[in-house]
Amino acid sequence: PEPAFDGAIAAYLLNPGRTVYRIEDLAREFGLPEVPEGETPGAVAGRAGALLALRPALESALREAGLWSLFAEIEMPLVGILARMEATGIAVQREALEEMGRELEERILAVQQEIFQRVGYTFNLNSPKQLADVLFGKMGLPVIKRTKTGPSTDAEVLEELALQEPLVERILDYRTLVKLKGTYVDGLAPLIEADGRIHTTFNQTVAATGRLSSADPNLQNIPIRIEEGRRIRKVFIPGEPGWVLFAADYSQIELRVVAHFSGDEALLDAFRQDQDIHTRTAAEVFGVPMEEVTPEMRRRAKAVNFGLIYGQSDYGLARALGIGRGEAKEFIQRYFDRYPGVKAYMEQKVQEAREKGYVTTLLGRRRFLPEIHARTFAVRQNAERAAINTPIQGTAADLMKKAMVAICRRLDASGLRARLLLQVHDELVFEAPPEELPALYELVVGEMERALTLRVPLKVEAKVGRNWYEMEPYTP
DNA sequence: TAATTCCGA
DNA sequence: TTGCTTCGGAATTAG
Ligand SMILES: [Mg+2]
């Protein structure tokens with residue numbers, strides 16, 4: 001059952017940066033008579049009536065802003081899809097999760113012991129302030145950077161300190177273990193419902209760029225980069241005997257969007273040839289054939305590629321790569337020499353934000369950036385980066401949402417039993433009977449790759465596994 | 001509630 | 001001159 005009109009979704013599209021969605025506030029904004037607050041029957045009925053009155057106002061505003069088709073053809077159909085994903089949930093092996101919790105607890109106690117022993121007394125290791133007192137007071141280590149309130153003890157700082165004080169390595173271990181246990185074991189366990197599954201909430205009106213977000217629990221930030229954390233994924237399993245998990249994710253979606261928007265010849269060429277984009281960038285920037293690109297050259301090129309998506313400055317790149325500002329400036333210079341279309345794109349987006357007050361995505365989603373005119377340098381720069389990043393991140397969101405609607409429509413009509421469980425920005429996760437995999441692959445990968453036609457091909461990679469940890473590449 | 005820290009795309 | 005990478009959610013401390 002698909003709702004036809006959701007006032008919150010409409011208000012979100014008209015201004016995705018808004019934080020208030022109360023009918024009282026919307027009514028005021030759209031010039032309706034004052035609406036009662038409170039929970040008396042009269043007040044509740046008054047708000048229901050106001051919502052009805054808001055509908056034509058919101059619809060007109062959407063049409064005038066060119067947002068109607070995005071609303072009616074993507075966001076509204078998505079409401080029901082997300083509702084079903086939430087209701088379906090994802091199965092979790094409670095026993096395995098609890099076992100991981102016990103192991104982590106043991107290791108945490110051991111590491112904590114070791115740290116207290118070396119320091120000579122106990123303290124609250126979870127308190128950055130107390131930790132700072134130990135590191136920079138008692139142990140006399142150098143302060144690397146400061147927060148608003150005192151010396152920073154974040155991972156970047158600790159990694160530097162670890163070079164001269166081995167104990168700091170244990171503190172980093174402690175942080176990792178506590179994070180895993182607290183957020184991903186103790187955090188998830190109580191959210192397993194009676195059906196053995198975890199049912200997240202997908203927010204459709206939170207992210208200013210058009211992305212979804214996931215909360216209670218957030219299933220879009222389950223660890224993957226570090227092996228220890230990645231093991232958490234073992235507890236996420238198919239919910240039916242013999243079934244498997246199937247995942248499909250866009251490859252380099254944001255850089256492909258940059259290629260499309262900028263029309264930059266070198267970037268277009270790289271994706272049309274399906275080259276490794278970071279290796280190609282390294283070859284361009286360092287002036288060597290792709291075969292001669294070293295891992296270090298590729299690493300730097302990758303940092304430049306990601307930095308560009310975020311509108312990073314030479315200052316920021318220098319810091320990210322641990323090189324001098326001059327050298328970073330040279331990198332960026334050489335990058336823009338090789339990708340002049342990209343530079344033009346970035347300048348154009350900032351200019352557009354200044355002139356119109358907002359930037360847009362491929363499907364017309366808009367984000368207002370009033371701070372583009374701020375007098376304060378840092379505030380204005382932040383808005384300029386958002387002007388560069390939002391069309392990129394938001395267009396990727398457009399693509400994924402459009403694909404989800406198409407996929408679910410076809411899946412419903414297909415008679416397949418496979419179920420969509422999660423969306424993780426550029427990835428969709430399903431559970432399915434293994435015999436459906438060939439059909440599911442064609443359906444999902446096909447719809448994702450053809451969601452929109454860009455000036456470069458869209459590439460989707462599929463994986464299958466008996467849990468979310470053991471995902472292996474899949475081709476039918 | 002603010003601040004710090006850290007997990008993901 | 002300035003400042004230093006986007007978008008999120010969650011746990012914890014401290015007031
Ligand atoms: Mg990917």
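Within every chain, numbering begins at 1; the chains are lettered A, B, ... in the order of the sequence lines, protein sequences first and strands thereafter.
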Near-ring test A:F123/A:F116, centroid separation under 6.0 angstrom =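 Close enough - the centres of the two rings lie under 6.0 Å apart.
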Less than 6.0 Å separating the ring centroids of A:F331 and A:F286?
->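 Aromatic pair counts; centres sit under 6.0 Å.
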Once you apply a heavy-atom cut-off of 4.0 Å, does [X] come out as touching a base, just sugar-phosphate, or nothing?
| X | answer |
| --- | --- |
| A:A320 | base |
| A:D249 | nothing |
| A:N203 | sugar-phosphate |
| A:A155 | sugar-phosphate |
| A:R325 | base |
| A:I222 | sugar-phosphate |
| A:N382 | sugar-phosphate |
| A:L180 | nothing |
| A:R175 | sugar-phosphate |
| A:T376 | nothing |
| A:T390 | nothing |
| A:V206 | sugar-phosphate |
| A:S152 | sugar-phosphate |
| A:D186 | nothing |

[X] side chain N/O closer than 4.0 Å to the phosphate oxygens (OP1, OP2) of [N]?
| X | N | answer |
| --- | --- | --- |
| A:N218 | C:dA11 | no |
| A:T209 | C:dT6 | no |
| A:T149 | B:dA3 | no |
| A:R375 | C:dT2 | no |
| A:N389 | C:dT5 | no |
| A:T183 | B:dC6 | no |
| A:Q130 | C:dA14 | yes |
| A:R385 | C:dT6 | yes |

Ion pair present between A:K181 and A:E106, side-chain N to carboxylate O less than 4.0 angstrom?
->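 Salt bridge: no.
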Length of the [atom1]-[atom2] vector between [X] and [N], whole Å:
| X | N | atom1 | atom2 | answer |
| --- | --- | --- | --- | --- |
| A:N221 | C:dC7 | CG | C1' | 12 Å |
| A:N126 | C:dA14 | CG | P | 9 Å |
| A:I309 | B:dG8 | CD1 | P | 18 Å |
| A:L219 | C:dG9 | CG | P | 13 Å |
| A:D426 | C:dG8 | CG | C1' | 14 Å |

cation_pi(A:R367, A:Y358) dist<6.0 Å, angle<=45 =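 Cation-pi check for A:R367 and A:Y358: fails.
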Can A:K463 be said to sit on top of A:Y474's aromatic six-ring, NZ or CZ under 6.0 Å from centre and within 45° of the ring axis?
->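 Cation-pi check for A:K463 and A:Y474: fails.
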Look at the side chain of A:K179 against the base of B:dC7 and say whether a donor-acceptor pair falls under 3.5 Å; ignore hydrogens and angles.
->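 Flag unset: no donor-acceptor pair detected.
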Work out which heavy atom in A:T209 is nearest to a heavy atom in A:R365; give both atom names and the distance.
->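 Between these two residues, the closest heavy atoms are O-CD, 3.4 Å.
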Measure from the side-chain heavy atoms of A:F377 and tell me the nearest of C:dG8, C:dT2, C:dA14.
->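 It is C:dT2.
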Starting at the 5' end of DNA chain C and moving along, which residue's nearest nucleotide shows up first, A:N124 or A:P16?
->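 Going by which nucleotide is closer to the 5' end, it is A:P16.
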Can you measure from CG (A:L421) to CZ (A:R84) and round to the nearest 0.5 angstrom?
->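 Going from CG on A:L421 over to CZ on A:R84, the span is 11.0 Å.
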